[in-house]
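Below: the structure, in structure tokens.
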Amino acid sequence: MTVRTRFAPSPTGMLHLGGARTALFNWLWARNQGGKFILRIEDTDKERSTLESVDEILASLKWLGLEWDEGPFFQSQRTALYDQKVEHLLREGKAYRCYCTKEELDASRAALEAAGKKPMYNRACRDKGLGDPLQPHVVRIKAPLTGITSFTDSLRGVVEFNNAELDDFVIRRTDGGVMYNFVVVVDDAEMGIAHVIRGDDHLANTPKQILLYKALGYGIPRFTHVSMILGPDKKRLSKRHGAESVMAYRDMGYLPDAMLNCFARMGWGFGNQEIFTRQELIEKFSLDKITMSPAVFDIAKLDSINMQHMKITPDAELARLALPFLRKTRPDATAEKLAAIVPLLKERSRTLVELAAGAEWFFTKDVVYQPDAAAKFLAEKARPALEASIAAIDAAPVMGHNELKGAFTDLAAKLGMGLKDIAQPVRVALTGGTVSPGIFEMMEVLGKEETVRRLTAALNR
RNA sequence: GGCCCCAUCGUCUAGUGGCCUAGGACAUCGCCCUCUCACGGCGCAAACACGGGUUCGACUCCCGUUGGGGCUACCA
């Protein structure tokens with residue numbers, strides 16, 4: 001039987017890091033097992049669900065490359081199925097209509113709480129018969145009062161809950177809308193999801209869902225509850241912690257594969273390996289190596305992983321990915337030109353944003369000198385070095401960085417100065433700043449004419 | 001409050017009773033390389049939350065405490 005997993009976000013906001021990791025684990029397991037990955041949008045909350053969120057979530061998954069095989073299915077379009085299932089439960093006496101008002105419920109709950117008890121529904125309507133379907137009502141599940149509901153989590157083993165803890169929870173609202181715990185069961189069962197992988201915030205919901213699986217006559221799936229991702233303060237990652245949406249990381253210049261690698265390493269390990277390609281992740285992923293304790297997201301680690309991935313990304317591909325960032329300041333830049341200098345940049349950039357920033361010097365026509373840099377390295381005393389550099393380049397038979405370095409080393413010796421006494425003025429002349437790739441590599445890609453032009457301009461400024 | 005889950009360096013983790021003098025990675029610090037910044041190389045510092053058991057032997061198993069997280073809605 002083919003493995004079918006699903007990711008079922010509710011469109012009430014952006015796709016955040018935790019959700020993306022859950023999606024990744026589902027996707028990885030499906031891919032690893034040669035199964036199907038299904039996308040389902042849980043938009044049963046009419047109040048909070050938005051179309052913008054749907055678009056954002058879809059775009060995020062696409063950017064990450066977590067392509068789904070079926071869907072997206074929208075629960076808002078499957079109400080007929082849910083109603084049919086609710087009626088079925090009602091007919092079988094496994095659910096009942098409840099006519100209690102909000103006020104009655106609140107009062108009852110408050111009383112229980114005051115008495116130090118769990119604020120559950122008092123089950124006032126449980127044994128009143130089915131009642132009038134035309135009167136405003138909710139439908140509640142008739143949960144067992146005693147006994148134990150247990151299930152096996154593939155990471156934690158058997159987890160047990162006392163049925164006395166379970167409530168006669170609402171499965172359909174007064175307005176006819178169905179509730180999460182109900183639809184998730186109907187859909188997972190109807191969609192053939194035999195393996196539910198989700199956040200462990202759903203662990204305590206699971207017994208309720210088991211009740212429903214049984215009441216509806218469905219087989220119980222295998223559950224794997226993955227721990228949450230926390231912020232630096234060990235609280236669940238949220239807006240407070242700054243960037244939490246996947247798209248924010250795209251905009252900060254991180255690679256999709258690096259994001260996946262980072263997500264995977266939070267809560268999953270494969271020996272001491274740190275860097276995984278997408279393909280390796282698929283091949284090596286297994287549910288039993290998932291860790292149970294929550295992980296704190298560390299952007300410094302992401303930076304490091306991203307740099308590693310940039311190094312293994314082909315230059316042309318990296319240029320294509322970085323181009324949009326560079327275009328913000330250099331609209332005339334092309335991927336071809338950028339690709340030529342990517343080798344000089346990829347080793348010293350943690351993100352595409354840094355890479356694009358590091359490429360500025362190549363695309364500028366007139367070098368803009370940073371005041372401090374110019375004052376320090378383009379002062380009058382730099383004139384001999386600069387003039388000698390121009391002469392050396394003019395005389396250079398080839399503009400290869402190795403040859404140039406040799407020529408400049410000889411030059412420095414002849415002038416009785418260190419290479420750095422020449423290099424820094426040249427660097428500032430070439431780029432306007434003091435931080436850049438190696439000057440000889442830059443000269444090589446700039447070419448003799450442009451190199452001399454920039455050095456001359458610095459001399460005549 | 002009740003119920004459930006979790007607990008190894010600052011962070012992510014390896015570790016499934018002896019292989020642990022607890023390994024790796026990131027970050028930090030130091031050194032080397034060096035035309036700047038990085039990369040890279042080498043190195044220092046850094047953890048089994050606590051208390052009881054079980055066992056010849058516990059990071060590993062059990063119980064408790066503490067800490068953190070989650071659920072407890074006509075949210076998902």
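A, B, ... follow the sequence lines: proteins, then strands. Residue 1 opens every chain.
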Residue whose closest nucleotide on RNA chain B lies nearer the 5' end, A:G438 versus A:H202: A:G438
Sugar-phosphate, base or nothing in reach of A:S304, heavy atoms under 4.0 Å: sugar-phosphate
Sugar-phosphate, base or nothing in reach of A:P232, heavy atoms under 4.0 Å: nothing
Close residues, residues 415-423 of chain A, relative to RNA chain B [heavy-atom separation under 4.0 Å]: A:L419, A:K420, A:A423
Sugar-phosphate, base or nothing in reach of A:E42, heavy atoms under 4.0 Å: sugar-phosphate
Touch class at under 4.0 angstrom, heavy-atom based, for A:F161 against every strand present: sugar-phosphate
First-last contacting nucleotides on RNA chain B - partner chain A, under 4.0 angstrom, heavy atom: B:G1 to B:A76
Taking every non-hydrogen atom, the tightest pair across A:F25 and A:A264: CE1-CA, 4.1 Å
Complementary nucleotide of B:C26, counting Watson-Crick and G-U pairs under 3.5 Å: B:G10
5' priority, RNA chain B, between A:E165 and A:L230 [closest heavy atom]: A:E165
Rounded P spacing from B:A49 to B:C12 in Å: 14 Å
Pair A:F263 and A:F285, ring centroids less than 6.0 Å apart: no
Euclidean distance for C1', B:C29 against B:C75 (whole angstrom): 48 Å
Touch class at under 4.0 angstrom, heavy-atom based, for A:M179 against every strand present: sugar-phosphate
A:W68-A:F7 aromatic ring centre distance below 6.0 Å: no
P spacing across the pair B:U60 / B:G17, given as an integer number of angstrom: 11 Å
Sugar-phosphate, base or nothing in reach of A:T44, heavy atoms under 4.0 Å: sugar-phosphate
Of residues 264-271 of chain A, the positions that come close to RNA chain B - non-hydrogen atoms, cut-off under 4.0 Å: A:R265, A:M266, A:G267, A:G271
From A:R140, A:R126, A:R97, residue fulfilling salt bridge (Lys or Arg N to Asp or Glu O under 4.0 Å) relative to A:D168: A:R126
